Amino acid sequence: PELSPRSWVVDVSGSVNASTRAQLDVAASDIYASNSGRIFFLLMKSTAGRPTIDEVVAKFVTQAEPLSGLAMAVIARDETTGEARIWLPLSRVHTEWERSQVRKAETTLARGDFMAARDFAQVALTRGIPPRPMSDVLSRGVDEHSTALSLSGVGALGFGGLMFRRWRR
């Protein structure tokens, strides 16, 4: 597979060591070589809150997205504030569940775990954000409708008792 000759890490903060940079570049090159998308890593240090991480990510996306040709992700962290953002195209984030998964990955990235953020973005670009587990969906449905379920159970039991008495006659 073709490897990109460029680095996928834009580190204006100077905080990424060579080993971490190499690991991030390898992962980004893998997704690039498979023609599944592009992942960029942005590391910055804001001064007195300017520019904000959202401004930097928006500016980067407007410049890089038209050139990318494929879906792309931007993983960004402000080393001064600890804020983190993971930008994914709208085609990858549709539901509240998917947005919650992006926020969860951003929280992990804010703690400095670039590898987990990289893995999340790679899965999101290649296969999409995994759906909510069925056990969560079922337990939430039971929790939301437990009163109605218990009342219908009591009603069915009462009706069954009446029918049993009638049948025994």
Side-chain angles (χ1 to χ4, degrees), residues 1-140:
E2 175 195 350
L3 293 178
S4 171
R6 52 201 157 266
S7 176
W8 300 99
V9 180
V10 179
D11 180 15
V12 294
S13 70
S15 60
V16 175
N17 64 40
S19 173
T20 302
R21 177 185 287 275
Q23 290 176 11
L24 296 174
D25 273 334
V26 166
S29 290
D30 287 347
I31 197 168
Y32 173 80
S34 71
N35 220 22
S36 300
R38 314 284 183 258
I39 297 178
F40 296 95
F41 299 91
L42 299 176
L43 287 96
M44 60 175 274
K45 283 188 177 180
S46 61
T47 306
R50 300 298 298 170
T52 67
I53 193 167
D54 294 319
E55 293 169 340
V56 172
V57 169
K59 184 71 168 177
F60 186 84
V61 168
T62 51
Q63 292 177 351
E65 192 175 30
L67 303 173
S68 175
L70 290 173
M72 64 178 246
V74 178
I75 298 172
R77 186 166 191 273
D78 184 339
E79 297 297 314
T80 303
T81 65
E83 286 184 277
R85 295 292 179 273
I86 297 177
W87 182 90
L88 293 167
L90 293 176
S91 63
R92 299 297 197 267
V93 185
H94 302 99
T95 66
E96 184 54 39
W97 165 257
E98 292 167 337
R99 283 186 285 280
S100 75
Q101 294 306 293
V102 172
R103 287 190 299 273
K104 185 176 171 183
E106 287 174 341
T107 301
T108 303
L109 176 60
R111 290 191 303 262
D113 192 347
F114 287 97
M115 302 311 157
R118 173 205 65 198
D119 294 344
F120 173 79
Q122 191 166 5
V123 168
L125 286 179
T126 56
R127 296 188 302 263
I129 297 172
R132 174 177 283 164
M134 187 54 75
S135 60
D136 289 355
V137 173
L138 292 175
S139 67
R140 184 174 174 203

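Everything numeric in this text was worked out from a predicted model, so none of it was measured.
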> Looking at Val9, Ile39, Thr20, Asp30, which one forms a side-chain contact (heavy atoms from CB on, under 4.5 Å) with Asp25?
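Single pass found, and it is Val9.
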> Please determine, by modelled atom types, if Asp113 and Thr108 share a side-chain donor-acceptor pair under 3.5 angstrom.
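Not at all, the side chains of Asp113 and Thr108 share no donor-acceptor pair under 3.5 Å.
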> Would you indicate whether the side-chain heavy atoms of Leu88 and Ile129 approach each other to under 4.5 Å?
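Result yes, sub-4.5 Å side-chain heavy-atom pair found.
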> Restricting to non-hydrogen atoms, name the atom on Arg118 and the atom on Ala27 that form the minimum distance, rounded to 0.1 Å.
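Scanning both residues, the minimum pair turns out to be CD-CB, 2.8 Å.
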> Looking at Ile86 and Ala105, what are the two nearest heavy atoms and their distance?
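Shortest heavy-atom separation between Ile86 and Ala105 comes out as CD1-CB, 3.5 Å.
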> For Pro89 versus Ala71, what's the shortest heavy-atom pair and its separation?
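Closest heavy-atom pair between Pro89 and Ala71: CG-CB, 4.1 Å.
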> Any heavy-atom pair between the side chains of Ser36 and Leu125 that's under 4.5 Å?
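The answer is no; the side chains never approach within 4.5 Å.
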> Is there a side-chain contact between Arg103 and Glu106, using heavy atoms and a 4.5 Å cut-off?
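Of all side-chain heavy-atom pairs linking Glu106 with Arg103, at least one is under 4.5 Å.
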> Applying side chain to side chain contact (heavy atoms under 4.5 Å, CB included), run through Trp87 and Glu65 and close with a yes or a no.
CA-CA 11 Å; Trp87 182 90; Glu65 192 175 30; 3.4 Å; yes
> With a 4.5 Å cut-off on side-chain heavy atoms, are Arg85 and Ile75 touching?
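Side-chain contact under 4.5 Å: no.
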> Please round to the nearest 0.5 Å and tell me the distance separating atom CG of Leu70 and atom CG of Asn35.
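Between atom CG of Leu70 and atom CG of Asn35 there are 5.0 Å.
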> Which heavy atom of Leu109 sits nearest to which heavy atom of Arg77, and what is that distance?
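Leu109 and Arg77 have their closest heavy atoms at O-NE, 3.1 Å.
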> Hey, can you tell me if Phe40 and Phe60 have their rings parallel, tilted or perpendicular (30° and 60° cut-offs)?
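Ring orientation, 0 to 90° scale: perpendicular.
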> Any side-chain heavy-atom pair from Glu98 and Thr95 closer than 4.5 angstrom?
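Yes. Closest side-chain heavy atoms under 4.5 Å.
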> Counting N and O atoms only, with roles assigned by atom type, does the side chain of Trp97 sit under 3.5 Å from a partner on the main chain of Pro130, one being a donor and the other an acceptor?
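Checking the backbone N and O of Pro130 against the side chain of Trp97, a donor-acceptor pair under 3.5 Å is found.
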> On a heavy-atom basis, which atom in Ala84 and which in Ala110 lie closest, and how many Å separate them?
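So the minimum-distance heavy-atom pair works out to CB-N, 3.6 Å.
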> Would Arg99 and Glu96 satisfy salt bridge (charged side-chain N to carboxylate O under 4.0 Å, His left out), going step by step from the backbone distance to the final call?
CA-CA 5 Å; Arg99 283 186 285 280; Glu96 184 54 39; 3.3 Å; yes
> Give the minimum heavy-atom separation between Ile53 and Glu83, together with the two atoms involved.
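In this case the closest contact between Ile53 and Glu83 is CD1-O, 3.5 Å.
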> When you look at Leu24 and Met115, which way does the side chain to side chain contact (heavy atoms under 4.5 Å, CB included) test go after all the steps?
CA-CA 7 Å; Leu24 296 174; Met115 302 311 157; 4.0 Å; yes
> Return the set of residues passing side chain to side chain donor-acceptor pair (under 3.5 Å) with Ser100 (not counting sequence neighbours), or none when no residue passes.
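Here no residue qualifies.
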> Is Glu55 salt-bridged to Arg50, going by a charged N under 4.0 Å from an acidic O?
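Here Glu55 pairs with Arg50 in a salt bridge, since their nearest N and O are under 4.0 Å apart.
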> Less than 4.5 Å apart, any side-chain heavy atom of Gln101 and any of Val93?
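A side-chain contact is absent here, since even the closest heavy-atom pair is not under 4.5 Å.
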> Distance from Asp78 atom CG to Met44 atom CE, nearest 0.5 Å?
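Spacing of CG (Asp78) from CE (Met44) equals 4.0 Å.
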> Quick one, Gln23 and Phe114 - any side-chain contact, counting heavy atoms below 4.5 Å?
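No; the side chains remain at least 4.5 Å from each other.
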> Are side-chain heavy atoms of Phe41 and Arg21 found at a separation under 4.5 Å?
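Sidechains of Arg21 and Phe41: no contact.
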